[in-house]
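Encoded as structure tokens, the structure appears first; notes follow it.
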Amino acid sequence: QVQLMESGGGSVQTGGSLRLSCVASGFTFSSYRFYWLRQVPGKDIEWVSTIAEVSFTTLYADSVRGRFTISRDNANNMVYLQMNNLRPEDTAIYYCAAHSSLLPTRYINDRTHYKYWGQGTQVTVSS
């Protein structure tokens, strides 16, 4: 059974930090590129970050670059998102997703194009 399960969300004040985790099972973890995305209810999904399968090359949205760090542990099927200097506008449900290749930009905010998608974890940043 394929599963992506996020954890680590919570409530913090502006400037605080959180570390999100995503554990994957049921598929060959090291063959997939992993993504973090977020969504405020009622608004569009926003891509946050990507990490490649083997090279571990990372990409970040402009809104989080320099504050967030994505990483992965292929030995333990884990993906992380370290979030520092959090701002109220970072408040959202954060999702972990996986796909076997780099999605074209036009599809990156469309969850229907991802092979696997987690259930999400809430992050709330108060001012």
Side-chain angles (χ1 to χ4, degrees):
Q1 180 183 357
V2 171
Q3 192 171 23
L4 291 178
M5 183 172 295
E6 304 92 335
S7 61
S11 297
V12 296
Q13 292 189 326
T14 298
S17 297
L18 286 171
R19 188 194 196 203
L20 304 184
S21 299
C22 172
V23 58
S25 59
F27 61 99
T28 305
F29 182 88
S30 60
S31 296
Y32 282 77
R33 191 171 296 243
F34 279 84
Y35 301 73
W36 284 100
L37 303 101
R38 65 188 182 186
Q39 187 175 28
V40 176
K43 296 190 176 182
D44 291 336
I45 291 171
E46 177 190 14
W47 167 76
V48 173
S49 184
T50 302
I51 187 164
E53 304 89 320
V54 176
S55 70
F56 291 14
T57 300
T58 58
L59 297 170
Y60 297 95
D62 289 344
S63 58
V64 306
R65 187 177 295 111
R67 300 187 297 122
F68 290 11
T69 303
I70 190 172
S71 60
R72 64 189 291 164
D73 178 353
N74 281 3
N76 292 295
N77 290 7
M78 296 291 298
V79 183
Y80 304 99
L81 186 68
Q82 177 67 43
M83 305 186 297
N84 297 330
N85 192 21
L86 283 161
R87 305 167 179 169
E89 54 265 37
D90 294 318
T91 295
I93 300 171
Y94 282 72
Y95 297 95
C96 173
H99 198 71
S100 56
S101 61
L102 181 63
L103 280 170
T105 302
R106 63 185 181 275
Y107 297 142
I108 205 163
N109 291 325
D110 183 350
R111 66 180 293 170
T112 64
H113 286 278
Y114 288 85
K115 182 72 172 178
Y116 305 120
W117 189 271
Q119 86 290 345
T121 186
Q122 175 71 46
V123 171
T124 303
V125 185
S126 58
S127 57

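The structure displayed is predicted, hence computed values, not measured ones.
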Greater than 12 external heavy atoms within 6.0 Å of Gln13's CD: no

Co-membership, hydrophobic cluster, residues Leu20 and Tyr35, 4.5 Å side-chain: no

Donor-acceptor contact below 3.5 Å, side chain Thr91 vs main chain Pro88: yes

Approximate separation, where rounding is to 0.5 Å, of Thr57 OG1 and Ile51 CD1: 8.5 Å

N-O pairing of Arg87 and Asp90 below 4.0 Å: no

No-hydrogen, no-angle side-chain donor-acceptor test under 3.5 Å, Ser63 and Glu46: yes

Cluster link Leu86 to Val48, ILVMFWY, side chain under 4.5 Å: yes

hydrophobic_cluster_shared for Val40 and Ile45, side chain cutoff 4.5 Å: no

Mutual orientation of the aromatic rings belonging to Tyr32 and Tyr116 [parallel < 30°, tilted 30-60°, perpendicular > 60°]: tilted

Residues Ile70, Val79; criterion side-chain contact (heavy atoms from CB on, under 4.5 Å); working and verdict: CA-CA 7 Å; Ile70 190 172; Val79 183; 4.3 Å; yes

Closest heavy-atom pair and its distance - Ile93, Pro41: CD1-CG, 4.5 Å

hydrophobic_cluster_shared for Phe27 and Leu102, side chain cutoff 4.5 Å: no

Modelled atom types, side-chain donor and acceptor of Asn74 and Ser30, under 3.5 Å: no

Parallel, tilted or perpendicular: ring planes of Tyr94 versus Phe68, cut at 30 and 60 degrees: tilted

Shortest non-hydrogen separation from Met83 to Val123 and the atoms involved: CE-CG2, 3.8 Å

From CG (Leu81) to CZ (Arg38), nearest 0.5 Å: 9.5 Å

Exam field: side chain Tyr60 to backbone Thr50, donor-acceptor pair closer than 3.5 Å: no

Cation-pi geometry met for Arg19 and Tyr80 (6.0 Å, 45°): yes

Phe56 to Glu53 - nearest heavy-atom pair and separation: CE1-O, 3.4 Å

N/O donor-acceptor pair under 3.5 Å between Asn76 side chain and Met78 backbone: no

Heavy-atom closest pair, residues Arg72 and Ala52: NH1-O, 2.9 Å

Cation-aromatic face contact Arg111/Tyr95, 6.0 Å, 45 degrees: yes

Nearest heavy-atom neighbours spanning Phe34 and Ala98: CE2-CB, 3.6 Å

Point-to-point distance, once rounded to the nearest 0.5 Å, from NE2 of His99 to OH of Tyr107: 10.5 Å

Rounded distance [0.5 Å steps], OG in Ser25 versus CE in Met5: 7.5 Å

Distance in Å, Ser100 OG paired with Arg33 CZ, rounded so as to fall on 0.5 Å steps: 9.5 Å

Nearest heavy-atom neighbours spanning Ala97 and Leu4: CA-CD1, 3.9 Å

Worked check of side-chain contact (heavy atoms from CB on, under 4.5 Å) between Thr105 and Trp47: CA-CA 10 Å; Thr105 302; Trp47 167 76; over 6 Å; no

Steps toward side-chain contact (heavy atoms from CB on, under 4.5 Å) verdict (Glu6, Gln119): CA-CA 7 Å; Glu6 304 92 335; Gln119 86 290 345; 2.8 Å; yes

Gap separating the CH2 atom of Trp36 from the SG atom of Cys96, nearest 0.5 angstrom: 5.0 Å

